[in-house]
Amino acid sequence: MRKKIVAGNWKMNKTLDEALALTSEVVNMVNDEVTGDVQVILCPPAIYLTTLNKYVENSPKIALAAQNCSDKASGAYTGEISASMLKSIGIEYVVLGHSERREYFGETNAQLAGKVNIALENGLTPIFCCGESLNQRQNEDYIGFVKNQITESLFHLSEEQFGKVVIAYEPIWAIGTGLTASSEQAQEMHAALRAHIAGKYGNEVADNTSILYGGSVGAANAEELFASPDVDGGLVGGASLKSRDFTTIIKARQ
Ligand code: PGA
C-alpha cells in the first residue's frame with residue numbers, strides 16, 4: 001500500500017522564532033488531532049533543519065525534508081548543501097525539482113537525475129516535483145511533457161531505487177496563484193503518471209508509488225482533491241505556513 005503524505009513546503013519563509021512557533025503548533029495539533037495513518041513532512045529552510053529535528057523527533061507521524069540538495073557529493077561548491085550532510089543530521093526526505101528551482105535556478109531534468117541519484121545513495125527519499133506551465137497546458141501535450149520529466153530524471157533508476165521515490169505533481173499555473181487544478185484535472189494527470197510508471201516498472205511498483213498533488217492546496221479544497229483515487233496526498237506551500245490550515249489539510253488526508 002502506498003503512503004498517504006502531506007508535506008508542507010515553507011519555501012523561503014519564517015525567521016527562527018517563527019519557525020519554532022509554527023513547528024510547535026503543528027506538532028501539538030498533529031499529536032492531539034491526527035489519528036489516522038498519514039505521513040506529515042515539514043520542509044523548512046535548510047538552516048532550521050537541525051533545530052527543528054529536535055522538535056519533531058518524538059512525533060513519529062512527522063518527518064523533515066530539505067527543499068533541495070546538491071548534485072555533487074562534496075567539495076568546492078560554495079553555498080551548496082550535500083545529501084550526505086542532510087543524512088548526517090537525521091533528515092529523511094529531500095524535495096527535488098520544484099518548479100521554482102527549475103525556473104529561477106535553471107535546474108534541468110538531467111541535473112535532477114543526478115540529484116535523485118545522490119539523494120538515494122545517501123538514504124534520502126526524494127520528493128520529485130514535476131508539472132507543466134499554463135502555456136504548455138494550453139498549447140502542448142501537457143501529459144506528455146510531465147511524463148517526459150519523469151522519464152528523463154527517474155527512469156534510469158532500478159526498480160528498487162524507484163520504489164523509494166515520492167512524486168509530486170504540481171501544475172505551475174496552480175502554484176501560489178489560488179488557481180487549483182480541479183480534482184478531475186489532478187486525477188487525469190495522476191492516473192496518467194501512474195500508468196507511465198507501470199509501463200516502465202510494472203503495476204506493483206506503480207501502485208506503491210505515492211503521487212502528491214501540489215498547487216494552491218488549502219483547507220477548503222483538500223478533501224475534494226484527496227478524494228481522487230490516484231491523489232495520495234499533497235505538497236502544500238502557502239497554507240503550510242498556518243498551523244490550523246495545515247492541520248486541516250492533514251486531517252483531510254488521514
Ligand atoms: P502553493 O505552493 O500551495 O502555495 O500553491 C505549492 C508548492 O509550490 O509546493
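Along the sequence shown, the residues carry numbers beginning at 1. Every number for a ligand or one of its atoms is a count from 1 in the order of the listing.
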- Query: Would you call E80-K72 a salt bridge at under 4.0 Å N-O?
  - Reply: no

- Are any of the side-chain nitrogens in E121 or K87 under 4.0 Å away from the carboxylate oxygens of its partner?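 Not counted as a salt bridge, because no side-chain N and carboxylate O are separated by less than 4.0 Å.
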
- Message: Using a plain distance cutoff, I'd like to know if G176 has any nitrogen or oxygen under 3.5 Å from a nitrogen or oxygen of ligand 1.
- Response: yes

- Query: If you measure every N/O of G214 against every N/O of ligand 1, is any gap under 3.5 Å?
  - Reply: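 No, G214 has no N/O under 3.5 Å of an N/O on ligand 1.
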
May I ask you to list the atoms of ligand 1 that are less than 4.0 angstrom from any heavy atom of [X]?
X	answer
G238	1 (P), 3 (O), 4 (O)
G215	5 (O)
E170	6 (C), 7 (C), 8 (O), 9 (O)
S216	1 (P), 3 (O), 5 (O)
N9	9 (O)
A174	5 (O)
K11	2 (O), 7 (C), 8 (O)
H98	7 (C), 8 (O), 9 (O)

- Message: Let me confirm one number: the CD1-CD1 distance from I127 to I5, rounded to the nearest 0.5 Å.
- Response: 6.5 Å

- List the closest protein heavy-atom neighbour of atom 3 (O) of ligand 1: residue, atom name, distance to the nearest 0.1 Å.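 Among all protein heavy atoms, the one nearest atom 3 (O) of ligand 1 is G237 N, 2.8 Å.
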
Does any donor atom in the side chain of [X] or [Y] lie under 3.5 Å from an acceptor atom in the other side chain?
X	Y	answer
D232	H190	no
Y169	E132	yes
N139	N135	yes

- Query: Can you check side-chain hydrogen bond (donor to acceptor under 3.5 Å, both in side chains) on Q187 and D230, steps first, answer last?
  - Reply: CA-CA 6 Å; Q187 173 58 26; D230 285 292; 2.7 Å; yes

- Message: Could you check whether any heavy atom of A239 sits closer than 4.0 Å to an atom of ligand 1, since that is the contact criterion I want to use?
- Response: no

- Is the number of heavy atoms from other residues, nucleotides or ligands within 6.0 Å of CD (E223) greater than 12? no

